[in-house]
Number of protein chains: 2
Amino acid sequence: MRRVTLDDVANLAGVSPITVSRVLRKPDAVSQGLRLRVEAAVTELGYVTNVAASRLASSRSHAIGVIVPTLYNVIFAEYLFALHEVLIEHGFQLIVVNSRYSEIEEENAIKALLGQRVEAIIIAGVNHTTLSRQLLIQAHVPVVETFELSADPININIGMSQELAGHAATRHLLDRGLRRIAFLTGNLDRRAQSRLDGYGIAMEEAGLAGMNVIARIPRHSSVALGSDLFSEMRLRGDLPEAIFCTDDNLALGAMQECRKHGIRMPDDISIIGFHDLEFAACASPSLSSIATRRYETGKLAAEKVLASLNASTKSGVETFDLGFALVPRESTAG
Amino acid sequence: MRRVTLDDVANLAGVSPITVSRVLRKPDAVSQGLRLRVEAAVTELGYVTNVAASRLASSRSHAIGVIVPTLYNVIFAEYLFALHEVLIEHGFQLIVVNSRYSEIEEENAIKALLGQRVEAIIIAGVNHTTLSRQLLIQAHVPVVETFELSADPININIGMSQELAGHAATRHLLDRGLRRIAFLTGNLDRRAQSRLDGYGIAMEEAGLAGMNVIARIPRHSSVALGSDLFSEMRLRGDLPEAIFCTDDNLALGAMQECRKHGIRMPDDISIIGFHDLEFAACASPSLSSIATRRYETGKLAAEKVLASLNASTKSGVETFDLGFALVPRESTAG
DNA sequence: TTGAAAGCGCTAACAC
DNA sequence: GTGTTAGCGCTTTCAA
């Protein structure tokens with residue numbers, strides 16, 4: 001069962017292969033008579049362009065590589081949604097790879113993407129292995145690093161300071177007169193670590209360096225994990241006055257545990273989350289959080305890629321700090 | 001800036017191109033001396049295989065096409081996770097495309113995947129356009145349809161009866177003596193529609209055909225939408241005895257709204273969701289739901305693809321009903 | 001507007 | 001174990 005090729009279509013339509021190719025790529029360059037004949041032949045044979053051959057011959061992949069640490073997180077889903085929205089519209093294919101939060105897997109992902117001759121790489125995070133960084137630089141394609149700010153961007157950097165955001169969340173609790181503040185987290189990826197750093201700095205600034213409480217269970221973040229983390233503290237008889245969760249999911253889990261045990265929020269305990277996921281506003285009590293801009297990050301990344309690809313000159317280093325916003329709600333009222 | 005090719009590596013290493021190719025693909029077939037020289041040259045030049053050329057020459061893409069309606073839903077994230085886990089391990093690349101719940105976009109996605117000469121297609125859903133179906137059949141690659149059961153599978157079908165699941169959820173409420181049962185939904189995609197059908201049948205069987213209440217706002221499912229749907233009913237003064245939500249997110253939104261207005265669960269109202277998302281068990285009250293097997297669906301789909309690709313003979317039609325499970329919890333306790 | 005020739009970078013098949 | 005030859009199916013370039 002040989003696959004149908006351009007030549008087959010050309011034979012059936014009685015034209016040369018290149019004419020078929022033109023009909024498919026720039027129909028306006030072909031006279032209507034031939035175009036109609038070719039289109040009929042394409043339909044009749046069910047011809048579909050062989051992308052590998054097309055890419056090889058044109059040395060253009062029309063593909064853009066995207067590396068995310070996980071697909072298992074609504075944050076990245078929103079970001080990918082924005083990337084898709086913009087880039088697909090412009091005729092690009094996205095090749096999405098997840099690195100499972102591993103720099104080694106990220107390195108392999110980069111190699112795989114370069115093998116695909118992607119025309120740009122959009123990568124979550126700013127920390128890479130030495131080889132990864134070298135490959136990204138040598139690739140001579142636009143590279144966008146996202147979600148964090150880099151001291152030394154490879155090319156384009158679109159992000160926010162996770163540390164300042166962690167600091168702001170902690171500061172918000174401190175400003176309410178709360179002193180015993182716990183930090184709840186699952187796996188400490190780079191960004192969670194930065195938020196923790198921000199927490200540490202805020203605590204220290206408040207003269208509470210000795211009072212840091214870090215509850216951590218190395219599992220991926222989830223509502224259930226939030227419940228577990230909270231339970232553990234409660235069973236130890238070690239409940240703090242306030243909790244800063246790296247993630248709204250953890251916060252929701254903690255809140256559910258509070259409710260179960262008649263612990264009032266914010267009277268007995270204040271809780272703040274991170275990311276301002278869509279349920280935060282309609283939780284009960286509504287959940288204070290730090291709003292982050294995933295969609296905008298993706299959208300801007302996509303637009304910058306398009307701009308770079310259209311630019312004749314190689315763009316230099318650019319940084320965009322998209323910031324974050326503290327969203328105080330009932331869970332830390334008072 | 002010409003890209004480094006196999007020939008460059010071969011020249012540097014002083015061997016023929018095919019030897020370099022062998023070192024990269026089947027190192028055991030090359031003597032150690034040459035292998036080391038080639039590997040050194042590869043590293044020195046930072047060579048990465050051009051996938052397009054490789055695919056064209058070998059006429060193997062090592063790519064598997066995956067079509068999902070959205071990336072914006074944890075259900076599909078779990079499913080993709082399983083697909084990744086199995087298939088990447090076996091040296092395949094996944095090309096994931098979303099159809100945004102549109103059969104036309106699905107058709108385009110199929111064409112795009114066939115253009116990539118994917119070696120198999122794994123597609124969520126069993127309803128396709130006539131052309132889509134024809135293309136899938138003509139492609140002569142393994143095709144796996146998932147999440148639903150088909151009366152006429154193209155090749156392999158791994159799913160569950162959404163209608164029976166909807167029926168079971170409704171039946172559960174009826175069994176508790178509840179009669180005024182509302183169905184809450186966002187966009188009515190195929191699967192939501194089937195659940196609604198199941199609800200309708202159960203209501204009719206109970207002699208309650210005239211009492212169907214369907215609350216629907218055509219937005220994508222979310223916690224906020226659940227709150228909105230519930231609010232609308234409440235403001236109309238039309239609260240039912242029980243609610244069946246197409247989705248645990250909607251249920252969570254409804255629950256939050258109940259709590260806000262002092263409506264007790266399950267005393268004043270019973271709520272059941274769908275999918276048994278991970279927060280359902282730790283919600284307060286814990287949320288009854290229908291557990292579905294996203295991970296297992298993905299895993300089995302991946303395994304069946306591998307089996308088909310390894311099989312010498314073309315496999316026939318196979319159907320796997322993975323079923324579902326009613327998980328009764330506090331929100332519908334009797 | 002259309003076509004002929006050449007080649008993109010790799011690998012299968014065959015020879016040595 | 002290693003190399004030679006001949007494509008894979010397109011698109012680019014240049015000529016008509």
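Chain letters run A, B, ... following the sequence lines, proteins first and then strands; every chain starts at 1. None of the values given here were measured: they were computed from a predicted structure.
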Original post:
Is Arg60(B) salt-bridged to Glu119(B), cutoff N-O under 4.0 Å?
Top reply: yes

**OP:** State which of dC8(D), dT2(D), dT2(C) makes the closest approach to the side chain of Arg22(B).
**Re:** dT2(D)

Original post:
Below 4.0 angstrom, N of the basic side chain to O of the carboxylate: do Lys111(B) and Glu106(B) qualify?
Top reply: no

Subject >> ring pair (Phe, Tyr, Trp, His ring centres under 6.0 Å) partners of Phe147(B), counting only residues at least two apart >> reply: Phe76(B), Tyr79(B)

Subject >> Nucleotide nearest Ala57(B) (side chain, heavy atoms from C-beta), chosen from dT11(C), dC14(D), dT11(D) >> reply: dT11(C)

Original post:
Can you check whether Ser31(A) has a side-chain N or O nearer than 4.0 Å to OP1 or OP2 of dT2(C)?
Top reply: yes

Subject >> Spacing between Arg60(B) atom CZ and dG7(D) atom C1', to the nearest angstrom >> reply: 19 Å

Original post:
Nearest to the side chain of Thr5(B) - dC10(D), dG3(C), dC10(C)?
Top reply: dC10(C)

**OP:** Could you tell me the separation between the OH atom of Tyr47(B) and the P atom of dG9(C), rounded to a whole number of Å?
**Re:** 10 Å

**OP:** Can you tell me the distance, in whole Å, between the CZ atom of Arg37(A) and the P atom of dT1(C)?
**Re:** 16 Å

Original post:
Tell me: CG of Asp7(B) to P of dG7(C), nearest whole Å?
Top reply: 13 Å

Original post:
Can you check whether Ser54(A) has a side-chain N or O nearer than 4.0 Å to OP1 or OP2 of dG9(D)?
Top reply: no

Subject >> Per Ser16(B) side chain, nearest of listed nucleotides dC10(C), dT11(D), dT4(D) >> reply: dT4(D)

**OP:** Give Ser59(A) one of three labels, base, sugar-phosphate or nothing, depending on what nucleic acid heavy atoms sit under 4.0 Å from its own.
**Re:** nothing

**OP:** Between dT2(C), dA12(C), dT2(D), spot the one nearest the side chain of Ile18(B), thanks.
**Re:** dA12(C)

**OP:** Measure from CD on Gln116(A) to C1' on dC10(C) and round the result to the nearest Å.
**Re:** 15 Å

**OP:** Report the C-alpha distance between Glu148(A) and Asn127(A) in whole Å, list the side-chain angles of each, state the deciding distance to 0.1 Å, and finish with yes or no for side chain to side chain contact (heavy atoms under 4.5 Å, CB included).
**Re:** CA-CA 9 Å; Glu148(A) 296 169 67; Asn127(A) 294 283; 3.8 Å; yes

Original post:
What nucleotide among dT11(C), dG3(D), dT2(C) has an atom nearest to a side-chain atom of Ser58(B)?
Top reply: dT11(C)

Original post:
How long is the line joining CG of Leu6(A) and P of dT2(C), in whole Å?
Top reply: 16 Å

Original post:
For Ser21(A) and dC10(D), is the shortest distance between a side-chain N/O and OP1 or OP2 below 4.0 Å?
Top reply: no

**OP:** Would you mind reading off the distance between Arg3(B) atom CZ and dG7(C) atom P, rounded to a whole angstrom?
**Re:** 22 Å

Original post:
Without hydrogens or angle criteria, can the side chains of Gln193(A) and Gln162(A) be said to hold a donor-acceptor pair below 3.5 Å?
Top reply: no

Subject >> Atom-to-atom span, CG of Leu56(B) to P of dG7(D) - whole angstrom >> reply: 14 Å

Original post:
Reckon Arg55(B) touches a base, only the sugar-phosphate, or nothing at all at heavy-atom distances under 4.0 Å?
Top reply: nothing

